[in-house]
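To keep things clear, I will list the structure first and then write my remarks on it.
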Amino acid sequence: MTKTTVRKLLVIASCAMFTLMPPMAVADIEGGKQVLRRANGAEPSSLDPQLMTGTWESAIISDLFEGLLTRDADGGSIPGVAEFWDISDDGLHYTFHLRGDAKWSDGTPLTADDFVYAWRRILSPELAAPYAYMLYPILNARAYNQGEQPADALGVEASDDRTLSVTLARPTGYFLEMLSHASTYPVPRTAIEQYGSDWTKPGHMISNGAFELTEWVSHDHIAAVKNPDFHDAANVALDEVQFLPIDDGRAALNRFRAGEVDMTSSVPTDRIEWARENLPDALHETPTLATFYFAFNQRPGSVLDDPRIREALNLAVRRDIITTQITKLNQPLAYSLVPTAISHYDGPEFDFAREPMAERLAQAKALMQDAGYGPDHPLHLTIDYITNQDTKRIPVAMAAMWKPLGVEVTLTNSDAAVYYSKLRQGDFQIGMAPWNADYNDASNFLDLFRTGVPNNHSGYSNAAYDAMMERASNELDPDERARLMADAEGILLDDYAMLPLYFYIRPALVSPSLSGWKESPMDDHLSRWMHFEDPE
């Protein structure tokens, strides 16, 4: 049997030099120490790669851990712990050859068995990991995760310390792409068995990434220092990374201007124009593979289980008003779940996408009346969102757009950890549910609405949809697979299963003195590629 062999490519991250430098960065360099301060959004609820749920957590975890594959500065997949790999002609068997210098941060060797342990752990029914379903392409992964097969039935085996053999249930074109996602990272068996759920605390955590955890002061900062046992430590320039959980965009902007942080993951909507004019060398507005949408709770007994109401709410939203007057980023309007920029996919959109707004509003009012609601008999709904002044502006606008339909809205906010706990428990009516691609494939978005998937926050369940997605999963021809997924998305849209608003353009501020930060459609920015330029 012939095999396709993929060899490691040398990746050098670089970017243009700038002359302007925040004062703290200069001090760090002059003191002989490079410290990167990242305004990272919310306080993480977990630093366990297998239990994390948000991008503000994965940004930290991807600095602390590395998978079989990782991402370069541009967001592309490159070799990580695996130096190279072989793929069988039928696409079912992968053999990963681990680099000889792969180590944990305590200096012990990292072996293929560490991946076997990690993948069995994330798929174990008792862990209830939110991303377990991502590993379902592996043979018997779904059955093991659902308690129908034992752990040793999983198609993952350590042939020896440096060889990991993986057998898939079916050929999966995006399998390599997903191996840079945190859910597939190795986790340290010794630390987990010794400390239990406390293994992620400083002093307990053992990791294998470019940095190792040293401090976690709740709601203040998380610090990680360069890991000398990382296989590419010689090319990691930063001595330390500090992640600051600043969920207020204005506070992040002010601290950036004061030189207290070197990069932010967002910019306040009402300061975008100011930043364009005053911080042109620092502001980046990057199109990313992400969809900003709201989830409808469609569990039995919910008023939003009525498709007429979901359709009316979709019809009445002026997406263009939100992107031009509220976010001010002119994002591409979303009339579908899957971003239009996803590779090898041409999906459908809502039928009303090109209709005049007056016609849409008339249809929405008629649907609400048919459902028994109107200005004289209002429908009371609650929108949940993460605590953030900018975030609040969108549901406020939506509430105003729905008022002519006879919809009265109450807004409820909570911090990220509480908010996502409510989503997972189904304790909401309408909830903000933005999704950033974990890998560049339409299935990463469409799998969110399969019955029983933990990230299916809406509780949506449609047997025809599940069957179509299952057919797509087993289809070997990529064109036919894309067509089946498009048919599945058509079912979602006919059901008005969610309310998509726009596809992302991510505004960020990056110190002009920081080299190695690059715009990425995956919105991944590993600190190992970055460094500060010495001042002239």
Side-chain angles (χ1 to χ4, degrees), residues 269 291-298 302-340 347-385 390-413 428-435 449 457-460 489-504:
T269 56
T291 304
F292 190 98
Y293 77 95
F294 282 82
F296 294 131
N297 190 333
Q298 296 161 65
S302 169
V303 68
L304 292 167
D305 194 28
D306 188 333
R308 295 170 298 181
I309 296 175
R310 301 196 301 268
E311 181 178 0
L313 297 178
N314 262 290
L315 283 163
V317 170
R318 293 282 302 271
R319 290 162 175 80
D320 57 330
I321 296 297
I322 290 173
T323 59
T324 59
Q325 297 185 23
I326 297 178
T327 68
K328 299 181 180 179
L329 288 169
N330 296 305
Q331 297 100 327
L333 306 184
Y335 294 101
S336 61
L337 175 66
V338 180
T340 53
E349 61 181 17
F350 285 131
D351 292 337
F352 67 79
R354 308 299 172 218
E355 291 181 5
M357 193 63 214
E359 292 182 16
R360 287 166 47 180
L361 192 56
Q363 292 176 49
K365 289 179 178 178
L367 285 164
M368 291 297 292
Q369 289 175 0
D370 191 49
Y373 299 99
D376 296 330
H377 184 214
L379 171 63
H380 296 276
L381 294 175
T382 299
I383 299 179
D384 276 87
Y385 66 96
D390 287 334
T391 304
K392 179 180 180 179
R393 290 162 59 87
I394 294 176
V396 166
M398 290 166 53
M401 295 170 186
W402 290 341
K403 197 168 184 63
L405 309 183
V407 177
E408 300 291 340
V409 173
T410 299
L411 303 181
T412 302
N413 66 296
F428 72 101
Q429 283 189 307
I430 299 175
M432 185 183 70
W435 187 258
F449 287 84
H457 303 309
S458 64
Y460 176 80
E489 186 172 14
I491 295 172
L492 273 187
L493 300 183
D494 288 345
D495 282 348
Y496 294 90
M498 84 304 294
L499 194 155
L501 287 182
Y502 55 78
F503 303 125
Y504 267 66

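Hydrogens, waters and symmetry mates play no part in the numbers below; they use all other heavy atoms, side chains included.
Atom CZ of Phe449 and atom NE2 of His457 lie 9.0 Å apart (nearest 0.5 Å). Here Ile430 contributes atom CD1 and Phe296 contributes atom CZ; the two are 5.5 Å apart, rounded to the nearest 0.5 Å. If you take CD1 on Ile322 and CG on Leu333, they are separated by 9.5 Å, rounding to the nearest 0.5 Å. Here the CG atom belonging to Asn297 is positioned 7.0 Å from the CG atom belonging to Leu304, to the nearest 0.5 angstrom. From Met368, atom CE reaches atom CD of Glu311 across 11.5 Å, with rounding to the nearest 0.5 Å. A distance of 10.0 Å separates CG in Asn330 from CG in Asp320, rounded to the nearest 0.5 Å.
Within the structure, side chain to side chain donor-acceptor pair (under 3.5 Å) pairs that include any residue of residues 369-379 comprise Arg308-Asp370 (at least two apart or interchain). Note on residues 490-502: no pairs pass salt bridge (charged side-chain N to carboxylate O under 4.0 Å, His left out), not counting sequence neighbours.
Minimum heavy-atom separation, Asn314 to Pro500: OD1-CD, 3.8 Å. Looking at every heavy atom in both residues, Val338 comes nearest to Glu489 through N-OE2, 3.1 Å. Across all their heavy atoms, Asp306 and Ala371 have their closest contact at OD2-CB, 3.9 Å. Between Met398 and Leu501 the shortest heavy-atom distance is SD-CD1, 4.1 Å. Between Met432 and Thr391, the shortest heavy-atom contact is SD-CG2, 3.1 Å. Residues Glu349 and Ala353 approach most closely at OE2-CB, 3.5 Å, considering heavy atoms.
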Check against side chain to side chain contact (heavy atoms under 4.5 Å, CB included), Ser302 and Phe428: CA-CA 10 Å; Ser302 169; Phe428 72 101; over 6 Å; no
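In this structure Tyr385 satisfies the ring-ring contact (aromatic ring centres under 6.0 Å, His included) test with no other residue, sequence neighbours excluded. The side chain to side chain contact (heavy atoms under 4.5 Å, CB included) test applied to Pro378 returns His380, Glu408, not counting sequence neighbours. Applying the side chain to side chain contact (heavy atoms under 4.5 Å, CB included) rule to Ala366 yields no partners; only residues at least two apart in sequence or on another chain are considered. For Trp435, the side-chain hydrogen bond (donor to acceptor under 3.5 Å, both in side chains) partners two or more places apart in sequence, or in a different chain, are Asn444. Taking the ring-ring contact (aromatic ring centres under 6.0 Å, His included) definition, one finds that Tyr335 meets it with Phe352, sequence neighbours left out. Every residue was checked against the side-chain hydrogen bond (donor to acceptor under 3.5 Å, both in side chains) condition with Thr291, not counting sequence neighbours, and none meets it. Partners of Gln331 by side-chain hydrogen bond (donor to acceptor under 3.5 Å, both in side chains), not counting sequence neighbours, listed by chain and number: Thr327. Residues satisfying the side chain to side chain contact (heavy atoms under 4.5 Å, CB included) test with Ala399, not counting sequence neighbours, are Val409. Listed by chain and residue number, nothing satisfies the salt bridge (Lys or Arg N to Asp or Glu O under 4.0 Å) test with Glu359 (two or more places apart in sequence, or in another chain). Under the side chain to side chain contact (heavy atoms under 4.5 Å, CB included) criterion, Lys328 pairs with no residue at all, not counting sequence neighbours.
With hydrogens and angles disregarded, a donor-acceptor distance shorter than 3.5 Å links the side chain of Arg310 to the backbone of Asp305. For the pair Arg319 (side chain) and Ala334 (backbone), a donor-acceptor distance under 3.5 Å is present. Formation of a donor-acceptor pair under 3.5 Å by the Gln298 side chain with backbone atoms of Tyr460 is not found in this model. Trp402 places a side-chain N or O within 3.5 Å of a backbone atom of Leu313 that can act as its donor or acceptor partner.
Looking only at side-chain heavy atoms (C-beta outward), Lys392 and Asn413 stay at 4.5 Å or farther from each other. The shortest distance between side-chain heavy atoms of Leu381 and Val303 falls below 4.5 Å.
Residue Asp351 places its CG atom among 12 or fewer non-hydrogen atoms of other residues, nucleotides or ligands, all under 6.0 Å distant.
Ring geometry for Phe292 versus Tyr504: interplanar angle of 30 to 60°, hence tilted.
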